[in-house]
Amino acid sequence: MFSKKNIVLKKNLKPAKKEKEEIEDDFAALEELKKKAAAAPIISANQKGKKVPELLRGFRDILPDEQPYWDVLRSAVKNFADAYGFERIDFPILEKEELFIRTVGKQTDIVEKEIYSFEDKGGDKVILRPEMTASAARAFINHGMLNQPQPVKLWYTGPNFRYDRPQAGRYRQFNQIGFEVFGSSEAIIDAQIIVMTYSLLKSLGVETNMRINSIGLPEARQSYKTELTAYYRTKKNQICEDCKRRLLKNPLRLLDCKIEGCQAVKADAPQVLDYLDEESKNHFMKVLEFLDEAAVPYTLDAHLVRGLDYYNRTVFEVWTAGDEGERSQNALGGGGRYDGLVELLGGREGTPGCGVALGMERIVLAMKELGIQPPVEKIDVFFAQLGDSARRVGLRLFEEFRQSGISVREAFGKGSLKGQLELANKFQVPFTLILGQKEVLDGTIMVRDMESGAQEIVDATKIVAIMRKKLETVRSLDK
Ligand code: HAM
């Protein structure tokens with residue numbers, strides 16, 4: 001890229017000989033540096049004897065080079081939310097503890113083991129939210145959304161906190177995108193949420209399969225729980241210690257256990273579908289028919305019950321196609337119907353709801369595993385300056401370029417040309433502009449084609465138009 005061949009200089013506009021030589025030397029030195037950098041090990045720079053604070057376990061930084069994945073994801077989510085008529089809502093990260101104990105459930109893993117809760121200075125018991133469906137229901141009631149035309153369709157995104165055992169795709173702080181529909185109990189709502197989820201992930205290049213089940217109404221779940229408990233009692237010596245505890249406290253959670261011996265016991269366990277009332281059965285049949293109609297791939301999972309207490313009827317999980325729990329234990333998302341949630345929080349009786357939440361870290365991970373490359377912003381021009389008078393011109397030129405839609409990177413804070421050229425190389429620009437003392441006096445600027453190494457001196461007052469033309473040629477060649 002930095003080869004010295006084809007250096008074209010307009011005859012009567014040569015920069016001072018010394019300056020020109022220096023520029024060439026710096027380009028040559030950069031080549032050397034690139035070779036060395038490729039061979040050198042990465043050393044983290046910390047001062048001797050000073051302990052650098054580390055991240056908390058299960059927490060992570062999302063570094064600049066991962067951000068293009070997040071940008072693509074966020075922009076797809078916004079497009080889908082708009083297309084499907086969802087309105088954005090944001091909730092506070094800190095909520096009253098009671099909100100989640102009442103909704104997610106006192107005996108669920110999330111509340112029992114995973115919540116970050118503490119007493120604030122005013123003596124309120126507060127919690128770093130572990131999910132956002134309960135917040136959505138609270139907001140729906142708090143802001144009188146029942147008085148709006150129904151259904152009310154909300155979407156949100158943000159961090160959640162669960163004191164989970166960290167592993168790949170499982171963090172203590174993780175981000176979700178969620179879609180919630182309040183005010184309609186129709187089966188088509190459940191189906192449309194699933195169709196939208198499927199299409200959203202497909203648009204990102206991630207093919208999915210839905211695991212789906214119905215857990216009916218609370219009464220059905222109650223009889224099912226009794227049957228399940230009776231069944232597991234007969235298998236008590238075959239299940240793990242955790243499951244023995246679950247058997248006493250929350251038998252539905254027995255079906256979530258991933259331990260091999262417990263999985264074998266689960267295979268013959270009673271199925272909740274056998275306990276459904278007629279209406280729930282019909283509802284479920286309709287959801288499946290809609291999914292068939294929309295050609296969304298799904299698998300019936302008779303033992304899927306989900307780890308949150310507020311669900312009734314439809315429950316589902318989103319898995320990468322070909323990875324329905326075998327390869328990893330990480331669903332990309334989960335959701336279902338929660339017709340009792342608003343009422344449970346003191347809202348109007350019988351307000352139905354249904355929604356989904358997707359784990360953003362897991363989607364980014366899936367995109368990476370599938371080799372999906374997010375588009376990276378292409379920078380058009382690098383501006384290198386030599387001295388304060390060149391910086392002054394550069395500051396003004398930067399604004400002119402920006403306003404005309406040409407993206408520029410610079411290193412105004414650097415003195416040496418070599419240091420600036422290292423950056424030009426990092427940004428992979430097609431052109432570098434070099435402005436030295438002589439060019440400032442002459443009212444000119446040097447343009448270097450980074451591909452061929454060709455250089456020319458042009459009129460600084462016409463630089464924006466000149467670069468626009470050059471970039472058009474480069475872009476048309478790129479196509
Ligand atoms: P959930 O299944 O607990 O459901 O979480 C939904 C998704 O959030 C998971 O499928 C996963 O992708 C992501 N997730 C959960 N825990 C972690 C973690 N520790 N690390 C990384 N990602 C994680 C809910 O949260 C419900 N509020 C979903 C819902 C919305 N139901 C109805 N509407």
Side-chain angles (χ1 to χ4, degrees), residues 56-60 62 73 77 86 89 91 95 99-100 103-105 108-111 113-116 128-140 151-182 189-190 192-194 196-197 200-201 206 208-213 215 253 256 304-320 323-325 328-342 352-367:
L56 287 169
R57 206 163 111 76
F59 287 72
R60 61 191 290 269
I62 303 168
L73 174 55
V77 168
F86 284 81
I89 185 164
F91 315 112
E95 293 262 17
L99 172 63
F100 296 96
T103 55
V104 170
T108 56
D109 278 356
I110 294 180
V111 167
K113 302 192 212 158
E114 297 169 3
I115 50 171
Y116 280 87
L128 287 175
R129 65 181 182 209
E131 61 105 54
M132 290 183 264
T133 307
S135 301
R138 175 198 51 67
F140 180 84
V152 171
K153 298 164 97 177
L154 304 172
W155 79 276
Y156 52 79
T157 180
N160 300 281
F161 302 82
R162 296 184 193 174
Y163 196 82
D164 224 336
R165 198 160 48 82
Q167 49 188 274
R170 190 175 292 271
Y171 309 103
R172 291 182 174 168
Q173 176 177 334
F174 59 95
N175 290 278
Q176 280 185 341
I177 309 146
F179 298 90
E180 312 286 356
V181 180
F182 292 94
I189 301 291
D190 315 28
Q192 201 186 19
I193 287 170
I194 296 173
M196 180 185 67
T197 302
L200 167 64
L201 290 165
V206 181
T208 52
N209 186 35
M210 307 289 161
R211 276 207 246 164
I212 188 164
N213 196 18
I215 56 171
R253 297 280 72 76
D256 295 336
L304 179 72
V305 288
R306 306 263 303 130
L308 303 107
D309 277 359
Y310 51 61
Y311 291 117
N312 70 305
R313 294 202 168 139
T314 317
V315 286
F316 63 92
E317 281 181 355
V318 188
W319 289 82
T320 323
D323 179 26
E324 286 89 59
S328 73
Q329 293 182 1
N330 291 337
L332 297 180
R337 183 157 276 289
Y338 44 82
D339 294 337
L341 181 57
V342 169
C354 187
V356 64
L358 303 168
M360 296 177 82
E361 282 79 2
R362 292 190 187 173
I363 296 173
V364 168
L365 214 61
M367 287 167 75

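Numbering of ligands and ligand atoms starts at 1, following listing order. Here the structure is a predicted model, which is why all the values come from computation and not from measurement.
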Check contact between Glu114 and ligand 1, using heavy atoms of the residue and a distance below 4.0 angstrom.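 So Glu114 does not count as touching ligand 1.
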What about Gly333: any of its N or O atoms under 3.5 Å from an N or O on ligand 1?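 Yes - when backbone and side-chain N and O of Gly333 are compared with those of ligand 1, one distance drops under 3.5 Å.
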For ligand 1, is there an N or O atom under 3.5 Å from any N or O atom of Ala357?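 So ligand 1 has no N or O lying under 3.5 Å from an N or O of Ala357.
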Suppose I only count heavy atoms of [X] and a 4.0 Å limit; which atoms of ligand 1 are within that range?
{"X": "Gln176", "answer": "5 (O), 6 (C), 7 (C), 8 (O), 24 (C), 25 (O)"}
{"X": "Gly355", "answer": "30 (C), 31 (N), 32 (C), 33 (N)"}
{"X": "Asp164", "answer": "19 (N)"}
{"X": "Gly334", "answer": "10 (O), 28 (C), 29 (C)"}
{"X": "Arg170", "answer": "19 (N), 20 (N)"}
{"X": "Glu131", "answer": "25 (O), 26 (C), 27 (N)"}

Does a donor on one side chain sit under 3.5 Å from an acceptor on the other, for [X] and [Y]?
{"X": "Gln176", "Y": "Tyr156", "answer": "no"}
{"X": "Tyr310", "Y": "Thr133", "answer": "yes"}
{"X": "Gln173", "Y": "Asn160", "answer": "no"}

In plain terms, say whether Glu114 and Arg172 are close enough for a salt bridge, that is, a side-chain N and a carboxylate O under 4.0 Å apart.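 No.
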Proximity winner for atom 31 (N) of ligand 1, if only heavy atoms of Phe161, Tyr338, Tyr156, Tyr311 are counted: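 Selected option, by shortest heavy-atom distance: Tyr311.
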Would you please classify the geometry between the Phe182 ring and the Phe140 ring as parallel, tilted or perpendicular, with 30° and 60° separating the classes?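 Because their plane-to-plane angle is under 30°, the rings of Phe140 and Phe182 count as parallel.
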